[in-house]
2 protein chains.
Amino acid sequence: MANFSSRRQAVLEVMQKMRCHPSADMVYEECRKTIPNISLATVYRNLAFYEKQGLVGRVVGCDNKERYDVEMDTHCHIICTKCGEVMDMDYPQKLKQYLDDYCKQEGFSKFGLSFYGLCDNCKSNQNGNDNLKEL
Amino acid sequence: MANFSSRRQAVLEVMQKMRCHPSADMVYEECRKTIPNISLATVYRNLAFYEKQGLVGRVVGCDNKERYDVEMDTHCHIICTKCGEVMDMDYPQKLKQYLDDYCKQEGFSKFGLSFYGLCDNCKSNQNGNDNLKEL
DNA sequence: ACAAAAATGATAATTATTTTTATTTTTATA
DNA sequence: TATAAAAATAAAAATAATTATCATTTTTGT
């Protein structure tokens, strides 16, 4: 059954291998390493395909690109207000259960929690600018 | 001091009057009702300006537009997985305090919580399609 | 009143994403 | 295995949202 085409499989494998929250073009660049002539549209199409399946989700960072993520629902995110990087984080103690229950009780299909702040990298390269939009 | 230009003021007033989470072009259309020759660029510029001040925040709905919101931090959001509408919601009991404390403790500057599901409107116009991307 | 700084409108440019179309690959079935 | 139908693809064009540019206007501080 669900035997995907080679390109389609590649997109998922690349997503699973990348330990980050790539934008579509990052996935594209990564795919090209093994499939040099894959098209960007194919990456977009397959990310949308997997999103519909629930295998891939979208996170929204501080830049204006969509970021994609495998394994949603298991973790929340820290989003750097300076560089836009998205990092995984375990839910704070007890919170996951609380939100799961609440969600079920109210009939929501899912939830997303993000914390905003400087990532370690930007923290050490401090220049007092805690805002992407600054020039 | 902070005596803004008339256009800049208008953008904020419109935002405060609109009881929704408008995209930039929605704010633009609303502004044009009183200032017919205001420019879309001015709306974008001033939304960015207020965002930097922390007076306006961005929410992300299910469509690919940025949605803007005044009074962040007081409420969380329900995002309709069908029409993309963003609605305000009070934080579930005790949750706000918990998250505020956690945030302060960990040194994050803010957080955002969203629940996903069908809005009442889409619930009643049921057609089994719980996904914007469906055709 | 006047010079300097900031904001604006109009439009062009950019960027991300989606659509289109002709072609190729995959799938199902005979 | 051969073959017709369906699905997926590459490449490019189209679309849509946002940002940048620049000449002009408005605001600010003195």
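Naming: A, B, ... by sequence-line order, numbering from 1 per chain.
At the phosphate of dT8(C), OP1 or OP2 sits under 4.0 Å from a side-chain N or O atom of S5(B). A close approach under 4.0 Å does not occur between any side-chain nitrogen or oxygen of Y44(A) and OP1 or OP2 of dT18(C). Proximity of N46(B) to the phosphate of dT8(C): a side-chain N or O atom is located under 4.0 Å from OP1 or OP2. Side-chain nitrogen and oxygen atoms of R45(B) include none within less than 4.0 Å of the OP1 or OP2 phosphate oxygen of dA7(C).
Atom CD1 of I79(A) and atom SG of C119(A) lie 12.0 Å apart (nearest 0.5 Å). Atom NE2 of H21(A) and atom CE of M26(A) lie 10.5 Å apart (nearest 0.5 Å). In this structure, D88(B) CG and H75(B) NE2 are separated by 3.5 Å, a value rounded to the nearest 0.5 Å.
Within a 6.0 Å radius of CD in Q53(A), more than 12 heavy atoms belonging to other residues, nucleotides or ligands are found.
In this entry the distance linking CG of L40(B) with C1' of dT14(C) reads 15 Å, nearest Å. In this structure, the CG atom of N37(A) is 17 Å from the P atom of dT23(C), given to the nearest Å. If you take CD1 of I35(A) and P of dT9(D), they are 9 Å apart, rounded to a whole angstrom. Going from atom CZ of R8(A) over to atom P of dA8(D) covers 4 Å, rounded to whole Å. Between R7(A) atom CZ and dT26(C) atom C1' the separation is 13 Å, expressed in whole Å. E51(A) has its CD atom 13 Å from the C1' atom of dT17(C), to the nearest Å. Atom P of nucleotide dT18(C) and atom NZ of K52(A) are separated by 11 Å, given to the nearest angstrom. In this structure, the CD atom of E66(B) is 12 Å from the P atom of dA17(D), given to the nearest Å.
F4(B) has its ring centre less than 6.0 Å from the ring centre of F49(B).
Picking from dT18(D), dT9(D), dG9(C) the nucleotide with the shortest atom distance to the side chain of S39(B) gives dG9(C). Nearest nucleotide to the side chain of I38(A), out of dT18(C), dA10(D), dT26(C): dA10(D).
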